[in-house]
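We name chains A, B, ... by the order of the sequence lines, and we start the count at 1 in each one. Every heavy atom of this structure was used, including side-chain atoms; hydrogens, water molecules and symmetry mates were not.
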Amino acid sequence: MTTPFRQIELRYDPTAIDRKWQERWAADGLYRVPDDDPRPKWFEMTMYPYPSGDLHIGHWYAMAPSDCHARFRRMQGYNVLHPIGFDAFGLPAENAAISRGIHPHTWTMSNIENMRRQLKSMGAIYDWEREIICCLPEYYRWNQWLFLQLYRAGLAYRAKAPVVWCPSCQTVLANEQVVDGSCERCHTAITRRDLEQWFFRITKYADQLLDFTGLLDWPEKILTMQQNWIGRSEGAEIGFDISSHRLDVKEIRTFTTRIDTIFGVTFMVLAPEHPLVPRLTARSQHTAVAEYIAQARRTSEIERQSTDKEKTGVFLGSYAVNRLNGEQVPIFIGDYVLMSYGTGAVMGVPAHDVRDFDFARKYNLPIRQVIAPAAWDGKELAEAFVGDGFMTASARYDGMTNQEGKRAIAEDIEKKGWGSRTVSYRIRDWLISRQRYWGTPIPMIYCDACGIVPVLESALPVLLPPDAEFKPTGESPLAAHQGFVNTTCPQCGAPARRETDTMDTFVDSSWYMFRYTSPHYDQGPFDPALMQQWMPVDQYTGGAEHAVMHLLYSRFFTKALRDLGLVDFGEPFLRLYNQGIILGEDHEKMSKSRGNVVNPDLVVGQLGADATRCFMMFIGPWDQGGPWSDVGINGVARWLNRVWGVMEHDPNHLDAGAANSQTVRATQRLLHQTIRKCYQDLDRFKFNTTIAALMELTNHLSKVWAEASVDAATWRDCTRNFLLMLAPLAPHIAEEMWERAGHPYSIHQQPFPKWDEETAAEDTITLVVQVNGKVRDRIEVPAGISSGQAQELALASLKVQSYTQGKAVRQAVYVPGKLVNVVVG
RNA sequence: GCCGAAGUGGCGGAAUGGUAGACGCGCCGGUCUCAAAAACCGGUGGGGGCAACCCCGUAUCGGUUCGACUCCGAUCUUCGGCACCA
């Protein structure tokens with residue numbers, strides 16, 4: 001079924017005009033970005049798309065406004081780099097191979113071809129000679145090269161760790177890729193596995209990633225999300241003595257942010273996976289503990305993470321000693337304690353922690369209050385007291401505030417060697433191994449004699465063999481490819497095996513901005529001089545869903561590259577702007593199942609690229625997203641159609657004698673006000689009000705044409721500047737009308753118009769007169785009127801007098817250029 | 001549960017302390033037409049009035065102010081993020 005989007009008769013042929021200018025611009029290389037341009041540089045990037053095969057209207061929503069903004073910067077006099085590429089590695093390509101027998105490379109490249117055509121139909125200023133495709137060896141060899149640099153710097157390491165496993169994708173996931181206990185891609189509930197995997201040591205940069213001082217303008221929301229994701233918390237690590245068990249390990253280490261509550265410890269809880277559990281389990285408790293662990297393993301991640309789940313646990317039958325008071329406390333295991341945070345063991349302080357309180361209630365453990373508010377009546381607690389107060393039942397610390405107690409106890413345990421102040425983070429190292437084919441091979445070799453050996457840089461790239469079996473087995477398809485696996489050790493020359501896992505695709509996007517500066521450079525990931533010239537990115541735009549993955553990884557990569565001496569700055573993106581999400585006409589998220597998906601090709605085919613671009617920007621504030629509307633886009637198309645009509649008028653028909661000097665003045669004033677408004681609004685991504693201002697100017701020009709009340713020179717000045725303002729929004733018809741008006745090619749090499757404050761200034765204003773804050777009259781007055789004159793005129797108004805009669809005027813407030821408020825009482 | 005954003009006509013939205021509803025859609029009326037569509041012109045928050053005009057109105061309640069969509073406090077709703085992080 002074809003939806004008839006077009007409800008209007010256009011005066012022009014949008015398809016022909018789109019094609020004409022796209023071909024001409026391409027042939028002339030109008031948007032080729034020179035590296036040797038004396039103008040100041042502006043690097044404006046939008047997040048590159050995954051080549052799924054078809055451009056979605058959401059891509060238009062992300063890309064048309066960002067192109068408009070980049071074009072505006074170009075007209076402001078910058079040498080603008082606004083590149084595009086494809087995030088071409090990843091699971092969908094491999095799934096297509098499995099389900100339909102198409103090779104991932106074939107599938108991806110043909111998708112790219114189609115999407116490239118669709119992207120070109122937008123008429124953006126992309127310099128296609130700088131296009132990046134991550135799945136090509138000329139790109140991914142530098143993933144491998146960078147991996148080797150990180151490995152040498154100790155930032156890439158291999159470790160056995162309990163990792164998140166997606167049973168459907170048959171691969172591990174990074175923590176960031178888990179949403180509500182499920183795989184973010186296929187929504188299958190995740191499980192855990194112990195596997196040897198490659199990690200990037202992002203945790204080493206946790207504190208630096210929390211420092212946002214190098215950023216010029218990022219949404220507060222993204223900074224908060226990164227902050228929460230990194231989850232820094234200051235506290236102390238302290239050991240509880242288990243030397244009586246006669247093990248080689250003499251203590252259980254715990255992390256706490258509340259060392260001030262240590263005298264309130266009445267039990268300990270270890271994570272079920274804690275390595276000391278088997279050794280601390282008493283014979284009598286063996287069965288119960290084993291059962292609990294088995295059950296914890298069976299519990300799904302979703303259930304286990306649910307906060308309202310009852311706290312459960314099992315006593316191990318053994319005790320640890322709280323060194324501060326010498327007390328023995330029972331040791332439990334409980335699945336509310338996570339092995340992945342802190343030390344995997346917590347000290348139970350039921351009086352001052354809500355979770356410990358629940359646990360103690362359930363297992364009848366003592367609850368001892370050690371922090372009390374100033375007016376404490378000594379009554380038993382009904383719930384955990386987590387606020388500040390005074391230390392009590394805490395030996396020599398009694399009477400201190402708990403903040404003082406925190407410091408004093410920390411200092412004392414450090415002196416005694418029982419523990420120390422530490423910082424704990426929520427963020428984990430970035431797991432980059434994937435058991436899949438369609439990704440960058442990790443350039444490592446396993447030799448029986450030499451161990452783990454990096455591939456020589458001269459041997460890069462490690463190419464993906466074209467002929468792998470794509471069945472999902474839980475192991476990388478490369479593992480079954482003998483020709484790939486079998487190699488020789490770069491150190492000793494003996495037969496050796498290649499690493500068969502591939503890299504997370506977020507590795508590709510962590511440094512692609514650097515590659516755009518020299519996309520064909522073959523001596524390194526980027527040409528140092530060109531990188532220096534263009535980086536960092538001045539403006540980045542994209543969806544907020546990348547807040548804790550791509551955006552954090554990119555910041556980490558840049559800092560790591562800096563420490564490797566490859567770059568001399570630490571932040572890749574100076575400014576960030578997040579566009580919202582375009583919804584279906586029913587105000588719901590667009591999805592095939594809802595049947596509310598809009599096909600941009602169809603719209604562009606009927607109304608043209610410019611109407612589509614402008615509608616994307618007219619829906620509302622770009623960061624808020626908004627609903628698609630078939631009739632709405634027709635409204636925008638109608639406007640462009642009217643613009644066409646206005647521009648077709650021949651100003652030679654205007655008779656200078658008939659012009660009305662007041663209308664001429666008003667028209668010039670409106671033109672300059674519009675230039676000012678457009679300039680300021682485009683600068684801040686306020687496209688919707690930019691278009692509204694241009695619509696008002698269009699309406700005004702229609703009117704004065706009908707009246708023939710302006711002279712030809714004024715008309716030409718208005719239409720010329722109008723087209724220049726329209727150029728970044730609707731580049732094709734602006735260029736066409738520009739040519740028809742006889743201006744020299746190309747409008748897209750012209751500067752943005754400048755406004756003159758004096759011309760834009762109003763001569764008269766409508767003075768609003770209020771009585772007690774209610775509007776009672778409006779008077780036309782000269783703009784420069786004095787406060788005294790304004791008040792005099794206001795009080796002289798008959799309408800005002802009917803409200804002030806017989807009452808005392810207490811006060812009159814004059815707001816220059818706006819209003820007078822008369823207060824009577 | 002915690003954190004954040006938002007709530008304005010029939011609809012998308014504008015106005016960030018000073019004329020609420022710019023601009024667009026829709027709707028109503030008109031011009032053109034045999035007729036329709038398109039195009040063009042005019043009107044359009046609600047209520048009252050023949051009219052001049054008047055009253056009400058930005059989720060709800062309260063506060064600050066000469067003046068509040070805008071600032072402050074509480075509540076409700078919607079959306080987004082985080083969620084046993086010791």
Trainee: Using whole Å, what does the distance between atom P of nucleotide B:rC82 and atom CD of A:Gln177 come to?
Mentor: 14 Å
Trainee: What is the base-pairing partner of B:rC84, counting Watson-Crick and G-U wobble geometry with both distances under 3.5 Å?
Mentor: none
Trainee: Taking 4.0 Å as the cut-off, does a side-chain nitrogen or oxygen of A:Arg638 come that near to OP1 or OP2 on B:rA38?
Mentor: no
Trainee: So if I take every side-chain heavy atom of A:Ile619 and compare against B:rG24, B:rC53, B:rG12, which nucleotide ends up nearest?
Mentor: B:rG12
Trainee: Using the glycosidic torsion, which applies to B:rG9: syn (within 90° of 0) or anti (everything else)?
Mentor: syn
Trainee: For A:Glu383 and B:rC84, what is the distance between atoms CD and P respectively, to the nearest whole Å?
Mentor: 20 Å
Trainee: Is there a side-chain contact between A:Lys686 and the phosphate of B:rG13, meaning an N or O under 4.0 Å from OP1 or OP2?
Mentor: no
Trainee: Tell me whether the OP1 or OP2 atom of B:rC82 has a side-chain N or O from A:Arg426 closer than 4.0 Å.
Mentor: no
Trainee: What is the distance, to the nearest angstrom, from the CE atom on A:Met617 to the P atom on B:rA14?
Mentor: 16 Å
Trainee: Report yes or no: is the cationic atom of A:Arg426 (NZ for Lys, CZ for Arg) closer than 6.0 Å to the six-membered ring centre of A:Trp229, at no more than 45° off its axis?
Mentor: yes
Trainee: Taking the inter-plane angle between the rings of A:Tyr363 and A:Phe332 on a 0 to 90° scale, is it parallel (under 30°), tilted (30 to 60°) or perpendicular (over 60°)?
Mentor: tilted
Trainee: Any side-chain N or O of A:Ser702 under 4.0 Å from OP1/OP2 of B:rC40?
Mentor: no
Trainee: Of A:Arg778 and A:Pro621, whose nearest nucleotide on RNA chain B comes first from the 5' end?
Mentor: A:Pro621
Trainee: Kindly say if A:Asn688 contacts the phosphate of B:rA14, meaning a side-chain N or O under 4.0 Å from OP1 or OP2.
Mentor: yes
Trainee: For A:His352, answer base if it contacts any base atom (sugar-phosphate contacts may also be present), sugar-phosphate if it contacts only those atoms, and nothing otherwise; contact means non-hydrogen atoms under 4.0 Å.
Mentor: nothing
Trainee: Would you please confirm or rule out a distance under 4.0 Å between OP1 or OP2 of B:rC23 and any side-chain N or O of A:Lys677?
Mentor: no
Trainee: What does A:Tyr803 touch in the nucleic acid at a heavy-atom separation under 4.0 angstrom: a base, only the sugar-phosphate, or nothing?
Mentor: sugar-phosphate
Trainee: Please report the distance separating the C1' of B:rA15 from the corresponding atom of B:rC50, rounded so that it comes out in whole Å.
Mentor: 35 Å
Trainee: Determine whether any donor atom in the side chain of A:Asn228 lies under 3.5 Å from an acceptor atom in the base of B:rC82, or the reverse, and answer yes or no.
Mentor: no
Trainee: What is the separation between atom OH on A:Tyr336 and atom C1' on B:rC84, rounded to the nearest whole Å?
Mentor: 9 Å
Trainee: When the C1' atoms of B:rA52 and B:rC61 are compared, how many Å lie between them, rounded to an integer?
Mentor: 37 Å
Trainee: For A:Phe618 and B:rC23, give me the distance from atom CZ to atom C1', rounded to whole Å.
Mentor: 5 Å
Trainee: What interatomic distance, in whole Å, is found between C1' of B:rC3 and the corresponding atom of B:rG24?
Mentor: 36 Å
Trainee: What is the nucleic acid contact for A:Ile8, judged by heavy atoms within less than 4.0 Å: base, sugar-phosphate only, or nothing?
Mentor: sugar-phosphate
Trainee: Starting at the 5' end of RNA chain B and moving along, which residue's nearest nucleotide shows up first, A:Gly626 or A:Val815?
Mentor: A:Gly626
